[in-house]
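Residue numbering restarts at 1 for every chain, and letters A, B, ... go by the order of the sequence lines. Just the heavy atoms: all of them, side chains too, but no hydrogens, waters or symmetry mates, feed the values below.
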2 protein chains.
Amino acid sequence: MTDLSPQNRKVLALLQAADKPLSAYDILAKLRRHGLRSPPTIYRALEQLMRCGLAHRLESLNAFVACQQHDGAHDHAGSFAICTQCGAVQEIEDPALLKTIKKLGAKFLAQMNKGVFELSGTCHACVGKRK
Amino acid sequence: MTDLSPQNRKVLALLQAADKPLSAYDILAKLRRHGLRSPPTIYRALEQLMRCGLAHRLESLNAFVACQQHDGAHDHAGSFAICTQCGAVQEIEDPALLKTIKKLGAKFLAQMNKGVFELSGTCHACVGKRK
DNA sequence: GGAGCGTATGTTATACTATAACACGCGTCA
DNA sequence: TGACGCGTGTTATAGTATAACATACGCTCC
Ligand SMILES: [Zn+2]
Ligand SMILES: [Zn+2]
Ligand SMILES: [Zn+2]
Ligand SMILES: [Zn+2]
C-alpha cells in the first residue's frame, strides 16, 4: 500500500520539495529527464499518491500538493488555506471542521465519498508586503 | 447590478432550467442558435452571473449551477452537496458551516476572498436504486 | 518450461476547459 | 466631433485530462 514505484516516489519527492502546488504539467516538465515523459504517466502517479493519502488535489487550482500531515494513517478530508499572493498552501486540520463535514455529509447525502474544502485569500506573511 | 444583458439572461435561464450542473461547453452547445457562439461569450456571461451571486462554479466538476437561494442579497460562500450518481446538486446553507469557514479563514489567512466547500457522494434518492 | 493472467508502464492521439488578443459598434459626455 | 468606456464578436491558442492501444515484466498453474 505504501509500496511506491520509483516513478511515483519521484513525483512525491518533487511535490514535497515544492513550496507551492504544482500542476500536472509542471511536474511533467520537471521530470521529463527522469523518465516521466507523458501526461498519463503523471496522472497515474498522482492518482496512486492520492489513493495512499500522500498527496492532495486542489480543485480550485487544478494543482497538487504533498500531504502535510505526516502521520498519514487517519482518514483526513484534505482541507486547505491558499494564499493567492505567494501561492503558499497550508493544510488545515480542525476537529470542528471535520465534525461539520460529517454532519452535513450525513444530512445531504446517503453516502459521502469526498469532501473539498479550500479557502483562498492573502496569508499573514503576505499581508505586510502588500503594495 | 442586477441589470443583465439578454445574453446573460439566456445563460441564467438555461442554468435554472437544468437539473444538473452544466459545463461552459454544454451551455455553448445549447445556446449556439441563440447568438452565443464562442467560448469567451459564455465565460463572460458566467463571470457576470457569478459576480452578481446568481450562479456558482463547482470547482470539483468544472461546471456551473444557478444559485438556489433566491434571496440573493446576502453574502453566501456557495456550499454544495453533489450526487455522483444522478448529478443532482443541492446548495447547502448552514450557520455552523459559515461560522467554521469564518473562523478558519481568520486563523489561516489575513484576508479571505473565496471559500470552496463541496461534498460528493450518493444522494438519498439514488441510494435506493443502486444496482 | 510455457500458457495464461494481472499489473505497471509507455505512447499517440484526442477531448475538454479556459483565456489572450484583437476588432467592432454604440452610447455618453466633454 | 471625437475620446472614452463598455459590451460584444472572432480567431487562435494555452492549459488540463483521458481514451485507446501497445509493451513488458512477474506471477501461478499445469
Ligand atoms: Zn493531508
Ligand atoms: Zn502569501
Ligand atoms: Zn447561492
Ligand atoms: Zn442522486
Side-chain angles (χ1 to χ4, degrees), chain A residues 1-15 18 20-52 54-65 80 82 84 87 89 114 116 118 120, chain B residues 1-15 18 20-52 54-65 80 82 84 87 89 114 116 118 120:
Chain A
M1 190 195 196
T2 315
D3 184 12
L4 296 179
S5 74
Q7 312 219 7
N8 296 359
R9 211 178 303 276
K10 280 176 203 160
V11 173
L12 179 58
L14 186 63
L15 284 177
K20 297 196 298 187
L22 299 177
S23 79
Y25 283 75
D26 290 341
I27 296 170
L28 179 59
K30 299 200 180 186
L31 293 183
R32 269 245 154 72
R33 292 309 190 81
H34 297 265
L36 294 126
R37 276 183 281 266
S38 62
T41 309
I42 304 296
Y43 282 100
R44 285 195 275 237
L46 289 169
E47 188 184 2
Q48 178 167 2
L49 292 177
M50 289 190 290
R51 254 202 315 275
C52 299
L54 296 169
H56 299 288
R57 176 185 171 83
L58 296 175
E59 297 289 351
S60 59
L61 296 179
N62 293 333
F64 303 85
V65 289
F80 302 92
I82 302 165
T84 53
V89 168
K114 192 175 88 161
V116 174
E118 297 172 16
S120 298
Chain B
M1 192 193 194
T2 315
D3 184 13
L4 297 177
S5 75
Q7 312 220 8
N8 295 0
R9 210 179 303 277
K10 281 177 201 158
V11 172
L12 179 58
L14 187 62
L15 283 177
K20 298 194 299 189
L22 299 177
S23 80
Y25 283 77
D26 290 340
I27 296 170
L28 178 59
K30 299 200 182 188
L31 293 183
R32 269 244 153 75
R33 293 310 191 82
H34 297 265
L36 294 126
R37 276 185 282 268
S38 61
T41 308
I42 305 297
Y43 282 100
R44 286 194 276 236
L46 290 169
E47 188 184 0
Q48 178 169 2
L49 293 176
M50 288 190 290
R51 255 201 317 274
C52 300
L54 295 170
H56 299 288
R57 176 185 169 82
L58 296 174
E59 297 289 351
S60 59
L61 297 178
N62 294 334
F64 303 84
V65 289
F80 301 92
I82 302 164
T84 53
V89 168
K114 193 176 86 161
V116 173
E118 297 172 15
S120 298

Opening and closing nucleotides of DNA chain C in contact with chain B, under 4.0 Å to non-hydrogen atoms: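 With heavy atoms of chain B under 4.0 Å away, the range is C:dT17 to C:dA20.
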Approximate separation, where rounding is to 0.5 Å, of B:Leu14 CG and B:Arg9 CZ: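 The CG atom of B:Leu14 sits 15.0 Å away from the CZ atom of B:Arg9.
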Set of ring pair (Phe, Tyr, Trp, His ring centres under 6.0 Å) partners for B:Phe80, sequence neighbours left out: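 Expected list: B:His56.
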Phosphate-side-chain proximity, B:Ser5 and D:dT8, N/O vs OP1/OP2 below 4.0 Å: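 Answer yes for this pair, as a side-chain N or O of B:Ser5 is under 4.0 Å from OP1 or OP2.
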Separation of D:dT10 P from B:Gln7 CD (nearest whole Å):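 That distance rounds to 10 Å.
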All pairs passing salt bridge (Lys or Arg N to Asp or Glu O under 4.0 Å) where residues 35-49 of chain B contributes a residue, at least two apart: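 Qualifying pairs: B:Glu47-B:Arg51.
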A:Arg57: partners by salt bridge (charged side-chain N to carboxylate O under 4.0 Å, His left out), with sequence neighbours left out: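 For A:Arg57, the residues satisfying salt bridge (charged side-chain N to carboxylate O under 4.0 Å, His left out) (neighbours in sequence not counted) are A:Glu59.
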Results of salt bridge (charged side-chain N to carboxylate O under 4.0 Å, His left out) for A:Lys20 - residues two or more places apart only: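 Checked A:Lys20 against salt bridge (charged side-chain N to carboxylate O under 4.0 Å, His left out); zero matches.
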Give every pair of a protein N or O atom and an N or O atom of nucleotides 22-26 of chain D that lie under 3.5 Å apart, one pair per line with the distance.
none

Kindly list each side-chain donor-acceptor pair under 3.5 angstrom involving residues 21-35 of chain A, sequence neighbours excluded, with atom names and distances?
unit_1	atom_1	unit_2	atom_2	d
A:Ser23	OG	A:Tyr25	N	3.3
A:Ser23	OG	A:Asp26	N	3.0
A:Ser23	OG	A:Asp26	OD1	3.4
A:Ser23	OG	A:Asp26	OD2	3.4
A:Asp26	OD2	A:Ser23	N	3.0

Sub-4.5 Å side-chain heavy-atom contact between A:Lys114 and A:Val116: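 When only atoms from C-beta onward are counted, A:Val116 and A:Lys114 do touch, with a gap below 4.5 Å.
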Within-4.5 Å side-chain heavy-atom neighbours: A:Leu4 and A:Leu49: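 The answer is yes; the side chains approach within 4.5 Å.
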Listed partners of B:Gln7 passing side chain to side chain contact (heavy atoms under 4.5 Å, CB included), at least two apart: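 Partners of B:Gln7 by the side chain to side chain contact (heavy atoms under 4.5 Å, CB included) criterion, ordered by chain and then number, come out as B:Ser5, B:Leu36, B:Thr41.
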Nucleic acid contacts of residues 27-47 of chain B, taken as heavy-atom distances under 4.0 Å to DNA chain C: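 Nucleic-acid contacts, sorted: B:Pro39, B:Pro40, B:Tyr43.
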Heavy-atom closest contact (A:Val89 atom, A:Leu58 atom, distance):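 Distance-wise, the nearest heavy atoms are CG2-CD1, 3.8 Å.
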B:Phe64 versus B:Leu15, closest heavy-atom pair with distance: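 Smallest interatomic distance, heavy atoms only, reads O-CD2, 3.5 Å.
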Side chain to side chain donor-acceptor pair (under 3.5 Å) partners of B:Ser60, counting only residues at least two apart: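 With neighbours one apart ignored, the set is B:Glu118.
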Terminal helix-axis angle for the helix from C:dG1-D:dC30 to C:dA30-D:dT1, with five pairs defining each axis and rounding to 10 degrees: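 It comes to 10° between the two terminal axes.
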